[in-house]
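Read through the structure below, which is laid out as structure tokens, and then see the notes.
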Amino acid sequence: MSASRPAPVRLLTSLALVLGLTFTMFSFTTVGPNTSGASAMVTAAKANAAADWARSRKGSPYVYGAVGPHRFDCSGLTRWVYARVGRSLPHSSSAQVRDVNRISRSNARRGDLVFFYSHGSVYHVAIWAGHGYVWHAPHSGTRVRREHLWTHSVFFGRVK
């Protein structure tokens, strides 16, 4: 009779697997185009948590192509931060544009993404910290930091 019962370790492993799969199934949004509008966008609480995660990386060095947790490039930082709140972003500032709904600066809230552009192309992304500041990984030789927004060649996006 005892041979048919699973060992305690096997039972715990199975339970962990089932719980992990259940969490994964219900914690992420579906893949596909956003057709439901604002309700599919990240909540204010998650955006605020994203800004807190960005702040937690203050001082991490910029390394081209790095996605964290201790080294970042600009889109690597935004990608890592949003993964902490259950959203998946691609690793490129220009690709991340496709995963946001554009919003006006006056509607921006802490945690929204800020895209920097020149000649019609996005070249940098940061996380809105509020009050005119962003969290970002600027360029080689620098570290993740909070910095005053220095240009008007930006637009804002809320992660879907």
Side-chain angles (χ1 to χ4, degrees), residues 20 22-160:
T22 303
F23 175 78
T24 301
M25 286 173 40
F26 293 106
S27 67
F28 296 100
T29 60
T30 58
V31 176
N34 179 20
T35 57
S36 60
S39 65
M41 289 189 288
V42 80
T43 64
K46 283 189 177 188
N48 197 49
D52 289 341
W53 279 109
R55 184 181 63 222
S56 79
R57 301 295 91 194
K58 179 182 178 181
S60 298
Y62 177 99
V63 174
Y64 180 80
V67 293
H70 303 294
R71 292 169 187 79
F72 300 94
D73 65 7
C74 68
S75 61
L77 176 64
T78 55
R79 182 178 194 223
W80 183 87
V81 161
Y82 267 90
R84 310 281 72 77
V85 296
R87 292 293 205 253
S88 177
L89 293 174
H91 188 203
S92 124
S93 56
S94 58
Q96 288 180 2
V97 171
R98 293 188 295 269
D99 289 345
V100 302
N101 285 334
R102 286 192 188 199
I103 56 172
S104 67
R105 181 176 178 158
S106 62
N107 286 327
R109 62 184 181 212
R110 197 169 172 266
D112 285 333
L113 297 185
V114 182
F115 294 94
F116 297 73
Y117 64 90
S118 178
H119 304 293
S121 297
V122 170
Y123 68 88
H124 186 60
V125 64
I127 296 175
W128 185 240
H131 307 291
Y133 288 87
V134 295
W135 284 104
H136 70 136
H139 52 78
S140 294
T142 63
R143 296 180 176 273
V144 172
R145 64 186 182 215
R146 183 176 164 257
E147 189 167 13
H148 195 270
L149 192 58
W150 61 92
T151 180
H152 292 289
S153 296
V154 298
F155 62 88
F156 292 76
R158 185 151 302 145
V159 175
K160 295 177 188 175

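Sequential numbering from 1 along the given sequence is applied to the chain's residues.
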Next on the checklist: Could you walk me through whether Trp128 and Arg105 satisfy the side-chain contact (heavy atoms from CB on, under 4.5 Å) test, starting with their C-alpha distance in whole Å, then the side-chain angles of each, then the deciding distance to 0.1 Å, before giving a yes or no?
Outcome noted: CA-CA 10 Å; Trp128 185 240; Arg105 181 176 178 158; 3.7 Å; yes
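- Counting heavy atoms from C-beta on, the side chains of Thr78 and Phe72 never come closer than 4.5 Å.
- Residue pairs meeting the salt bridge (Lys or Arg N to Asp or Glu O under 4.0 Å) criterion with at least one partner in residues 134-151, sequence neighbours excluded, are Arg145-Glu147.
- Under the 3.5 Å distance criterion, with hydrogens and angles disregarded, a donor-acceptor pair is assigned to the side chains of Arg110 and Asn48.
- With hydrogens and angles ignored, the 3.5 Å screen pairs no side-chain donor or acceptor of Asp99 with any backbone N or O of Val159.
- Residues His148 and Tyr133 approach most closely at N-CD2, 3.3 Å, considering heavy atoms.
- Under 4.0 Å is where a charged nitrogen must lie from a carboxylate oxygen, and between Arg158 and Asp112 at least one such pair does.
- Between Ile127 and Ala54 the shortest heavy-atom distance is CD1-CB, 3.8 Å.
- Arg79 places a side-chain N or O within donor-acceptor distance of the main-chain N or O of Leu89, the cut-off being under 3.5 Å.
- Considering every non-hydrogen atom in both Val85 and Ala49, the closest pair reads CG1-CB, 3.8 Å.
- Taking CG of Asp73 as the reference point, atom OG of Ser93 lies at 8.5 Å (rounded to 0.5 Å).
- The two residues Ser140 and Tyr62 come nearest to each other via the heavy atoms N-CD2, 3.2 Å.
- Across every non-hydrogen atom of Tyr117 and Val154, the tightest pair is CE2-N, 3.3 Å.
- Counting non-hydrogen atoms of other residues, nucleotides and ligands closer than 6.0 Å to NE2 of His70 gives a total of 12 or fewer.
- Residues Pro69 and Arg57 meet the side-chain proximity criterion, which asks for heavy atoms closer than 4.5 Å.
- For the atom pair Ile103 CD1 and Leu113 CG, the distance stands at 9.0 Å (nearest 0.5 Å).
- Between Trp53 and Trp135, every side-chain heavy-atom pair lies at or beyond the 4.5 Å cut-off.
- Counting only distance, with no hydrogens or angles, the side chain of Gln96 and the backbone of Ser75 share a donor-acceptor pair below 3.5 Å.
- Between Phe116 and His136, the two ring planes are parallel [angle under 30°; tilted spans 30° to 60°].
- The distance from atom CE of Met41 to atom CZ of Arg87, rounded to the nearest 0.5 Å, is 10.5 Å.
- Within the 4.5 Å cutoff, the side chain of Val42 has heavy atoms near those of the Arg109 side chain.
- Relative orientation of the His124 and Trp150 rings is tilted, given thresholds of 30° and 60° on the angle between their planes.
- Minimum interatomic distance between Val97 and Phe155 (heavy atoms only, all atoms of both residues): CG2-CZ, 4.1 Å.
- Side-chain contact between Pro90 and Ser92 is absent, with no heavy-atom pair separated by less than 4.5 Å.
- Between the side chain of Arg55 and the main chain of Ala51, no donor-acceptor pair closer than 3.5 Å is present.
- Under the side-chain contact (heavy atoms from CB on, under 4.5 Å) criterion, Ser118 pairs with Tyr123, sequence neighbours left out.
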